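For reference, the structure discussed in these notes is given below.
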Amino acid sequence: ALDAAGVLDRAADADYWLLKEYGGISEAALASAVPLARGLNAYPRGVRVCDTRATGLYLDQAFHPDRVLSDMAAVFAGADSTIYFRPLAR
């Protein structure tokens, strides 16, 4: 298992980071909670957040995985906002 620093080190060059957060998270809150996030290639423009309080992501993952995969594909194709994911709030 990797700790947070290990994950960030191995995936720092990723173009996108998809985060799931109950209630959403802002750019300032993410930087405060995970200071190493500022070193990510995707930060902040490629970070997308799913507010699990406001979306049916977990239910759809189990019963409609095609919707979730289609949504992720839209993010990777350049969509700014999708059914589940929104840009990191400033």
Side-chain angles (χ1 to χ4, degrees):
L2 294 174
D3 61 1
V7 170
L8 292 172
D9 183 55
R10 291 182 70 179
D13 292 333
D15 292 329
Y16 292 94
W17 276 69
L18 302 180
L19 306 178
K20 294 178 269 184
E21 181 73 28
Y22 184 81
I25 191 168
S26 69
E27 184 178 333
L30 177 61
S32 175
V34 186
L36 296 175
R38 291 178 190 239
L40 299 175
N41 182 50
Y43 184 84
R45 62 178 166 58
V47 177
R48 297 293 183 273
V49 180
C50 175
D51 179 355
T52 59
R53 180 180 60 184
T55 67
L57 178 70
Y58 287 124
L59 189 61
D60 287 349
Q61 281 179 327
F63 297 104
H64 302 286
D66 55 314
R67 291 181 193 167
V68 177
L69 289 173
S70 176
D71 202 67
M72 289 179 174
V75 169
F76 301 143
D80 195 37
S81 294
T82 62
I83 295 169
Y84 306 106
F85 295 95
R86 302 281 182 263
L88 188 60
R90 295 205 170 240

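Every value quoted in this text rests on a predicted model; they were computed, and no experiment measured them.
Across all their heavy atoms, Leu19 and Phe85 have their closest contact at O-CE2, 4.0 Å. Taking both residues in full, the closest heavy atoms of Ile25 and Leu88 are given as O-CD1, 3.6 Å, listed atom of the first, atom of the second, then distance. Contact record, Cys50 with Thr55: SG-OG1, 3.3 Å, taken as the closest heavy-atom pair. Here the closest non-hydrogen pair linking Trp17 and Ala11 is NE1-O, 3.5 Å. For Ser81 against Pro87, the heavy-atom pair with the smallest separation is OG-CD, 3.4 Å.
Grouped with Tyr58 in a hydrophobic cluster is no other residue, since no side-chain heavy-atom contact under 4.5 Å to another Ile, Leu, Val, Met, Phe, Trp or Tyr is found.
A single hydrophobic cluster is not seen to contain both Leu57 and Leu69; linkage of ILVMFWY side chains at heavy-atom distances under 4.5 Å, directly or through other members, places them apart. Linking ILVMFWY side-chain heavy atoms closer than 4.5 Å, directly or via other members, places Val75 and Val47 in two distinct hydrophobic clusters.
Among residues at least two apart or in separate chains, salt bridge (Lys or Arg N to Asp or Glu O under 4.0 Å) pairs with a member in residues 20-37 are Glu27-Arg90. Applying the salt bridge (Lys or Arg N to Asp or Glu O under 4.0 Å) test to residues at least two apart or on different chains, the pairs with a partner in residues 36-49 are Arg48-Asp80.
Contacts of Asp60 classified as side chain to side chain contact (heavy atoms under 4.5 Å, CB included), with partners at least two apart in sequence or in another chain: His64, Arg67, Val68, Tyr84. Remark: Thr82 pairs with Asp71 by the side-chain hydrogen bond (donor to acceptor under 3.5 Å, both in side chains) rule, at least two apart or across chains. Listed by chain and number, the residues in a side-chain hydrogen bond (donor to acceptor under 3.5 Å, both in side chains) with Asp9 amount to none (sequence neighbours excluded). With sequence neighbours excluded, the residues satisfying ring pair (Phe, Tyr, Trp, His ring centres under 6.0 Å) with Phe76 are Tyr16. Shown here are the side chain to side chain contact (heavy atoms under 4.5 Å, CB included) partners of Ala28, two or more places apart in sequence or in another chain: Ser26. Residues that satisfy the side chain to side chain contact (heavy atoms under 4.5 Å, CB included) test with Ala54, not counting sequence neighbours, are Asp51. Every residue two or more places apart in sequence or in another chain that forms a side chain to side chain contact (heavy atoms under 4.5 Å, CB included) with Leu36 is listed here: Ala5, Leu8. Asp13 pairs by the side-chain hydrogen bond (donor to acceptor under 3.5 Å, both in side chains) definition with nothing, not counting sequence neighbours.
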